[in-house]
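Sequence lines set the chain letters: A, B, ... in the order given, protein chains first and strands last, and positions in each chain run from 1. Since we're looking at a predicted model, the values are computed, not measured.
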Amino acid sequence: MTTVKLPDGSLKEFDSTVSVKDVAKSIGSRLAKDALWGEIDLQPVELDYEIPEGAPVNLKIITKKDPNALATMRHSCAHVMARAVMRIKPGVQLAFGPTIDGGFYYDVECDEPLTEEDFPAIEKEMAKIIALDEPFERLDRPRAEAIQVCKDLSQDFKVEHIETGLADDESLSFYQQGEFLDLCRGPHIPSPRRIGAFKLLSIAGAYWKGDQSREQLQRLYATAFFTQAELDAHLELLEEAKKRDHRVLGKRLGLFHIDEMVGQGLVLWTPKGSFVRQKLQDFISEHLQRQGYDQVFTPHIGKLDLYKTSGHFPYYQDSQYTPLVDREYLSQLAEEGCTCGELSNLMNEGEIEGYLLKPMNCPHHIRLFASEQRSYRDLPIRLSEFGTVYRWEQSGEIGGLTRVRGFTQDDAHLFVTQEQLGQELIGCIELVKIIFGAMGMEDYTVRVGLRDPDSSKYVGDPGNWDLAEQACREAAQTLGKDFSEDPGEAAFYGPKIDFVVKDCIGRKWQLGTVQVDYNLPERFGLEYIGSDNKPHRPIMIHRAPFGSMERFIGVLIEHFAGSFPLWLAPEQGRILTVSDKSEEYGKRVESQMRNAGIRVKGDYRSEKLGAKIRDGQLEMIPYMMIVGPRDAENGTVSIRDRIDGDLGAIPVEKAIAKFQSEIADKTVRRKSS
RNA sequence: GCUGCUGUAGCUCAGUGGUAGAGCGCGUCCUUGGUAAGGACGAGGUCAUGGGUUCAAAUCCCAUCAGCAGCUCCA
């Protein structure tokens, strides 16, 4: 008699010996078909495993749907990959080899570095190992013995990891497959046969334990699926994602250019890209006006003293462009025989005079606030600016529009009383909501950064911090969306709310941010006169709902895959003539449309219509208006919609009305697929 | 900043130790057509930059710059 207990608690009894597969069959044919392997008392077993008779055993049948099934298989595949590398390359030191979204990696260190040319050999060896079909066997060893095992294997990273990262573990588990033995928490699939299809993807450097001061390892990225079809689909998805990369689309659609001669991370906006950017600025400006913001302009540089007061110089000097040293000060230094080395030292110590390219806008806005005496009756004061700032980002970090060295924040600084803080934060969140809503972007995450209760690095009164954190939480709640609360993620000067989205290849980027600041008002000694006729210190809110125009548009290009909604499209419509005979009518329609405020161009080349349509389609033109003799006769245009294709002939006035209403509504139309 | 890869025509890319190729785009001409590529001809490149090896370098080596992936960082 065999008895199994299923995860739902139900018991199943069998008269004779049964395998896992038999149990699955007894539950349902679908389950029997989908079953990958079983788990008895959390240990993976093959489907043909004969369940021992006697006392009831806990059995779980694992299918593809099991959230851990794929990860378990991939991790086993990582072991196979590491084993294959060890067979091919001498002196391989293993570090970590976890599963990640979309695959897995293994960090290794070899005597001679791996290159992508080694991939075919590694994959071949992996296939061999899988064909051997040796099981993954778990071995548990007490601490001291485990360390000795790793020492015997000359696996220094594993020894270190047991001694530091796993310092509290009394017993450690290993998994063995053939000659390959690795410290591993498990679990693993019962046999390598379950590895359906795998592929090595790329190789990159990674620091041991993520520490820049430690050894740099080679990280071998790979992926695996249960079937070849799934792997192929995944690879195709990666290819598709590359096509919507904003750097690719930006070039193809002529939206921006980054020029080697101008400098790394410095964006040149083409007329088309500038148009999109301007439209977005107009859009947000309109809402700022409604919310009672005042727009200001401030220069791109400021005296070093300004940033010494704010604390940004020299403390954050590494992430700023080198200061512009004051002319007279520089010649004075030269006369004194100052060497370059000495000048550099003076800079490091912050002991120089001159100007800084502004790395942020707040000090300028603060000085505007301080330029007049303020009463509590004036508050809140909301100063906004599309302010361009410059930061010396690490060269390896720069790329596309998402990480640049010069960028324009849709910045504003609100000077508020403690009582006003909550309401103003809600107003800031409202703006973010309006923007994401207008773009149809729902796939973003919200993080509320709170202070780390164990740290003393924070400035400001703890009681006020509690109030501000609570205000941030309440403001975040008004989004009607889940948000995470991250202790320790607050800036040292105040709590914050961040908005994060993913790009086409899954990288996360912070867009909007709302931050409370107790620090700068203090450093600049800001005051307003309260109703008690005494000076009080205002609280500052920094906020940028887009984050930066560059990053936001980068993400937006990928979000729309280059197909901007009509109101944002640089070229909203294009007149296509069927032949040269319709050019005159085409030009008449073109000017009629333009007079109605529609941004149109004409394609009067002597190409065939099919070619013109193809070009327009590839350029993501929202509406193509085909004009031929029939249209000229009837006063119509034959509309071809970017999404829905041929809409037939309609009178020009009706087409204009249709476009105008779509523009006014800021309609976001997506291909329904 | 670190590791690896890459840099050839406006774009996408092929190519080999012996004086440079394709497709697209561009120009001219032919074609006058109704919903995703009509045809012919032509122009266009110090093969990223600077060194080195060699009789000979775009090709091999080194450095620099830039791009890509990842790591680290991001007030």
Distance-only side-chain donor-acceptor flag, A:Y623 / A:E662, under 3.5 Å: yes
Presence of donor-acceptor pair under 3.5 Å, side chain of A:Y207 and base of B:rG70: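 Such a pair does not exist between side chain and base.
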No-H, no-angle donor-acceptor pair, A:S202 side chain to B:rG70 base, under 3.5 Å: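 Absent.
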The side chain of [X] lies closest to which of these nucleotides: [options]?
X      : options                : answer
A:K251 : B:rA66, B:rC11, B:rA36 : B:rC11
A:L609 : B:rC74, B:rA75, B:rU35 : B:rU35
A:I626 : B:rU35, B:rC73, B:rG33 : B:rU35
A:R507 : B:rA69, B:rC71, B:rG1  : B:rA69
A:R640 : B:rA69, B:rU35, B:rG38 : B:rU35

Pair A:R605 + A:D603: basic N to acidic O under 4.0 Å: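 Yes, A:R605 and A:D603 are salt-bridged.
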Minimum side-chain heavy-atom gap A:I497-A:R447 below 4.5 Å: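 In short, these two side chains do not touch, never coming nearer than 4.5 Å.
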Phosphate OP1/OP2 of B:rG33 contacted by A:K612 side-chain N/O (<4.0 Å): no
Any A:S395 side-chain N or O less than 4.0 Å from OP1/OP2 of B:rG1: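 So the side chain of A:S395 is within the cut-off, an N or O lying under 4.0 Å from OP1 or OP2 of B:rG1.
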5'-most by nearest nucleotide on RNA chain B - A:I639 or A:G263: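 Result: A:I639.
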Most 5' of A:Q320 and A:D245 on RNA chain B, judged by nearest nucleotide: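 In this pair, the answer is A:D245.
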